[in-house]
Amino acid sequence: MGSGTTSLQTVLGATAVKGRKVTNLSKDGLTDFILSNISSKQEVKDPFYVLDLGILVSLMEKWTRTMPIVRPFYAVKCNPEPAFLGALAALGAGFDCASRAEIEAVLALGVSPDRIVYANPCKAEAHIRYAASVGVNLTTFDSREEVEKIRKWHPKCSLLIRLKAPDDGGARCPLGPKYGALPEEVTPLLQAAHAARLVVSGVSFHVGSGATHSRAYRGAIAAAKTVFDTATRLGMPHMHILNIGGGFSVGHQYEDAAVTITAALQAYFANYPGLTVISEPGRFFAETSFTLATNIIGKRVRGELREYWINDGIYGSMNCILYDHATVKATPLACSSSRANPTCRGLRTYESTVFGPTCDALDTLLTGFQLPELQVNDWLVFPNMGAYTAAAGSNFNGFKTSAISTYLAFSTPTRS
Ligand SMILES: *Cc1c(COP(=O)(O)O)cnc(C)c1O
């Protein structure tokens with residue numbers, strides 16, 4: 001528990017956290033916190049997030065314990081909530097940024113530019129010039145055109161050659177179709193960078209977001225080693241950075257990945273001098289740290305079927321159903337209709353449909369989902385809503401994802 005408490009102090013003092021109210025969640029306290037938050041502003045029914053910084057601390061400790069030699073560079077695109085970024089920065093994470101605005105957000109926290117990898121293999125020239133101006137000096141590439149742009153606008157930048165992972169890991173969102181050099185493209189790309197007098201300091205890959213099997217990491221680490229060897233054979237400078245990307249999910253998938261990666265690094269890189277191994281986890285840190293509370297704004301009864309409308313949906317936080325191929329689940333908080341038993345324990349349930357607020361039938365979040373009888377002004381709470389949710393929401397139909405508030409809280413970090 002000792003280090004957990006220390007990390008918590010660190011996080012509470014983080015930029016973008018310090019000065020904000022952070023509620024201590026007692027045991028089983030998230031539901032109580034959401035209830036008290038709802039009842040303290042009866043008239044405000046807007047959806048809101050709760051960020052549990054205790055979960056983030058536990059996840060960081062888990063990472064450090066299970067993969068101590070792999071330094072995480074959090075992928076900002078997954079969830080750029082400023083307090084979340086600030087907490088990660090305070091915990092010592094680096095950052096994977098893909099655009100000028102993401103770099104600005106991270107630098108604004110006081111993070112030094114050498115803790116940023118500009119991990120977008122295809123960058124606009126204006127963004128490359130910006131990276132050069134602020135000293136972000138590490139980026140990825142997988143084409144000759146990118147080499148040419150970097151030579152022109154940021155010749156001091158070190159490069160990581162992005163490989164297409166040999167196996168997409170059964171990923172929910174494969175990235176191979178878009179990014180990564182093929183095996184036969186590696187030598188010409190390394191030669192092009194060398195000819196442009198750019199330093200290729202290592203290799204990166206991404207096995208795909210939401211990877212389901214860990215052997216993909218082993219195959220990709222093996223492929224990376226052959227690229228290190230190719231660089232040596234071509235007489236290029238000694239490569240020293242291996243970036244194993246993201247793809248991690250909390251649970252047994254993470255446990256499997258940590259074991260597989262540790263073994264693969266031992267197998268392929270044990271005797272490689274001066275190697276730094278980094279990674280770009282997004283989902284792993286963000287997914288379980290955030291919970292979303294939404295208000296029931298409408299209801300219709302059709303025979304046995306119950307249909308509800310809530311004030312966040314497919315064009316908002318739940319865009320993850322479309323873009324991230326996620327399934328969401330909801331738990332009821334009957335704050336308005338059943339104050340004595342708001343969690344509805346023991347009540348009979350009905351087959352229910354849950355719609356989002358926009359006037360589009362696509363905005364349907366749950367069908368055939370069992371819920372107790374709820375009323376307008378009751379709430380639905382969605383756990384594990386931190387990854388690829390608010391980050392990609394829109395303001396379609398006047399429902400502003402960007403206006404959803406985040407409340408900060410912390411549970412006691414557990415050794416999970
Ligand atoms: C999206 C992305 C990540 C994060 O992936 P997760 O699956 O969320 O861990 C990391 N690196 C790059 C280059 C990405 O595009």
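In each ligand, atom 1 is the first atom listed, and ligand 1 is the first ligand listed.
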Next item on the list: Give every residue pair that meets the ring pair (Phe, Tyr, Trp, His ring centres under 6.0 Å) criterion with at least one member in residues 206-234, sequence neighbours excluded.
Entry: Tyr217-Phe248, Phe228-Phe269, Phe228-Tyr272
Identify each donor-acceptor pair in which a side-chain atom of residues 389-400 lies under 3.5 Å from a protein atom, sequence neighbours left out, and give them as a table.
{"residue": "Thr389", "atom": "OG1", "partner": "Met385", "partner atom": "O", "Å": "2.6"}
{"residue": "Ser394", "atom": "OG", "partner": "Tyr315", "partner atom": "O", "Å": "3.0"}
{"residue": "Ser394", "atom": "OG", "partner": "Phe396", "partner atom": "N", "Å": "3.1"}
{"residue": "Asn395", "atom": "OD1", "partner": "Thr401", "partner atom": "N", "Å": "3.2"}
{"residue": "Asn395", "atom": "OD1", "partner": "Ser402", "partner atom": "OG", "Å": "3.4"}
{"residue": "Asn397", "atom": "OD1", "partner": "Cys359", "partner atom": "N", "Å": "2.9"}

Next item on the list: Apply side chain to side chain donor-acceptor pair (under 3.5 Å) to Ser214 and list each qualifying residue two or more places apart in sequence or on a separate chain.
Entry: Thr260
Next item on the list: Give a yes or no on whether the ring-centroid distance for Tyr254 and Phe284 is below 6.0 angstrom.
Entry: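 Yes; Phe284 has its ring centre under 6.0 Å from that of Tyr254.
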Give a table of atom pairs where an N or O of ligand 1 lies under 3.5 Å from a protein N or O.
{"residue": "ligand 1", "atom": "5 (O)", "partner": "His206", "partner atom": "NE2", "Å": "2.9"}
{"residue": "ligand 1", "atom": "5 (O)", "partner": "Tyr388", "partner atom": "OH", "Å": "3.4"}
{"residue": "ligand 1", "atom": "7 (O)", "partner": "Ser209", "partner atom": "OG", "Å": "2.6"}
{"residue": "ligand 1", "atom": "7 (O)", "partner": "Gly247", "partner atom": "N", "Å": "3.0"}
{"residue": "ligand 1", "atom": "8 (O)", "partner": "Arg283", "partner atom": "N", "Å": "2.9"}
{"residue": "ligand 1", "atom": "8 (O)", "partner": "Tyr388", "partner atom": "OH", "Å": "2.5"}
{"residue": "ligand 1", "atom": "9 (O)", "partner": "Gly247", "partner atom": "N", "Å": "2.9"}
{"residue": "ligand 1", "atom": "9 (O)", "partner": "Gly282", "partner atom": "N", "Å": "2.9"}
{"residue": "ligand 1", "atom": "11 (N)", "partner": "Asp96", "partner atom": "OD2", "Å": "3.0"}
{"residue": "ligand 1", "atom": "11 (N)", "partner": "Glu280", "partner atom": "OE1", "Å": "2.5"}
{"residue": "ligand 1", "atom": "15 (O)", "partner": "Lys77", "partner atom": "NZ", "Å": "2.8"}

Notebook entry, point to check: Cut-off 3.5 Å, side chains only: do Ser411 and Asp52 have a donor facing an acceptor?
Noted result: yes
Notebook entry, point to check: Do Asn137 and Ser158 get their side chains close enough for a donor-acceptor pair, meaning under 3.5 Å?
Noted result: no
